[in-house]
Amino acid sequence: DAGITQSPRHKVTETGTPVTLRCHQTENHRYMYWYRQDPGHGLRLIHYSYGVKDTDKGEVSDGYSVSRSKTEDFLLTLESATSSQTSVYFCAARGTERGDIQYFGAGTRLSVL
Amino acid sequence: QQQVKQSPQSLIVQKGGISIINCAYENTAFDYFPWYQQFPGKGPALLIAIRPDVSEKKEGRFTISFNKSAKQFSLHIMDSQPGDSATYFCAGGNTGKLIFGQGTTLQVKP
């Protein structure tokens with residue numbers, strides 16, 4: 001998965017608990033993205049980062065926050081998980097040397113009960 | 001609106017046949033149109049991509065046809081193989097951000 005590691009790969013949690021998903025990349029890509037994948041919706045952008053400490057909202061950012069303190073790590077936090085956040089979460093990264101190509105991790109399957 | 005609409009939702013093709021997946025976009029500022037392939041339990045991986053200055057791009061058995069005036073593009077898989085069975089996503093974007101279609105699950109029967 002192009003040097004992109006997501007952890008954990010699976011998580012079950014309860015409504016109202018905070019959850020943090022981690023994305024780690026080894027290719028020194030400048031841009032990183034968090035998506036969620038749901039049946040019938042494809043992939044929807046949650047948040048993205050264009051550099052260390054530089055982040056911005058995507059189309060479905062409510063209930064999520066992100067942080068990027070190092071180039072290689074991009075964290076997604078669900079402040080208070082809800083059942084509607086049950087989904088598969090994908091991290092992607094993009095460098096500048098190959099234009100617009102986004103490389104995806106293997107995903108994290110999150111279930112909120 | 002920045003939607004990308006993809007059809008069909010699912011597709012069954014016989015081995016050796018042609019698979020065709022269609023997408024329509026709304027944002028005329030999009031300047032990059034990739035197709036991603038995803039196998040179960042894996043992340044999406046870039047299959048082929050096109051810029052709006054060309055009408056067609058071919059890589060092996062995979063071809064993108066692009067119609068700028070109609071704001072539509074399609075993926076053609078020639079000589080479809082069982083190993084092509086996967087979910088395919090089209091996308092449109094610019095400035096590094098992508099809007100994805102809803103996905104098409106392709107099953108190629110032996």
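Every chain is numbered from 1, with letters handed out A, B, ... down the list of sequences.
Residue A:Tyr31 does not touch chain B at all, counting heavy-atom pairs closer than 4.5 Å. If you measure heavy-atom distances from B:Gln38 to chain A, the contacts under 4.5 Å come from the side chain alone. Heavy atoms of A:Tyr33 lying under 4.5 Å from chain B belong exclusively to its side chain.
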Report, one line per pair, each donor and acceptor closer than 3.5 Å where one atom sits in a side chain of residues 39-48 of chain A; sequence neighbours left out.
from: A:Arg44; atom 1: NH2; to: A:Asp38; atom 2: OD2; distance (Å): 2.9
from: A:His47; atom 1: ND1; to: A:Asp56; atom 2: O; distance (Å): 3.3
from: A:His47; atom 1: NE2; to: A:Tyr64; atom 2: O; distance (Å): 3.1
from: A:Tyr48; atom 1: OH; to: A:Asp56; atom 2: OD2; distance (Å): 3.4

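Among residues 76-86 of chain A, no residue has any heavy atom closer than 4.5 Å to a heavy atom of chain B.
Residues B:Ile12 and B:Leu75 do not share a hydrophobic cluster, clusters being chains of Ile/Leu/Val/Met/Phe/Trp/Tyr side chains in contact below 4.5 Å. Linking Ile, Leu, Val, Met, Phe, Trp and Tyr residues whenever their side-chain heavy atoms come within less than 4.5 Å leaves A:Val88 and A:Phe74 in two separate clusters. B:Leu46 and A:Phe90 end up in the same hydrophobic cluster when Ile, Leu, Val, Met, Phe, Trp and Tyr side chains are linked at under 4.5 Å. Note on B:Ile20 and B:Tyr88: separate hydrophobic clusters, where clusters join Ile, Leu, Val, Met, Phe, Trp and Tyr whose side-chain heavy atoms are under 4.5 Å apart, directly or indirectly. A:Leu110 and A:Phe104 fall into different hydrophobic clusters, where Ile, Leu, Val, Met, Phe, Trp and Tyr are joined by side-chain heavy atoms under 4.5 Å apart, directly or via other members.
Other residues, nucleotides and ligands place more than 12 heavy atoms under 6.0 Å from the CD atom of B:Glu56. Residue-environment remark: CD (B:Gln9) stays at or below the threshold of 12 foreign heavy atoms within 6.0 Å.
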Q | Stepwise side chain to side chain contact (heavy atoms under 4.5 Å, CB included) test for B:Phe100 and A:Gln37 | A | CA-CA 10 Å; B:Phe100 284 85; A:Gln37 183 177 21; over 6 Å; no
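Counting heavy-atom pairs closer than 4.5 Å to chain A, the top-ranked of the candidates B:Gly101, B:Gly103, B:Pro44, B:Gly41 is B:Pro44.
The closest side-chain heavy-atom distance from A:Tyr35 to B:Leu98 is below 4.5 Å.
Taking every heavy atom of both residues into account, A:Gln102 and B:Tyr36 meet most closely at O-OH, 2.9 Å.
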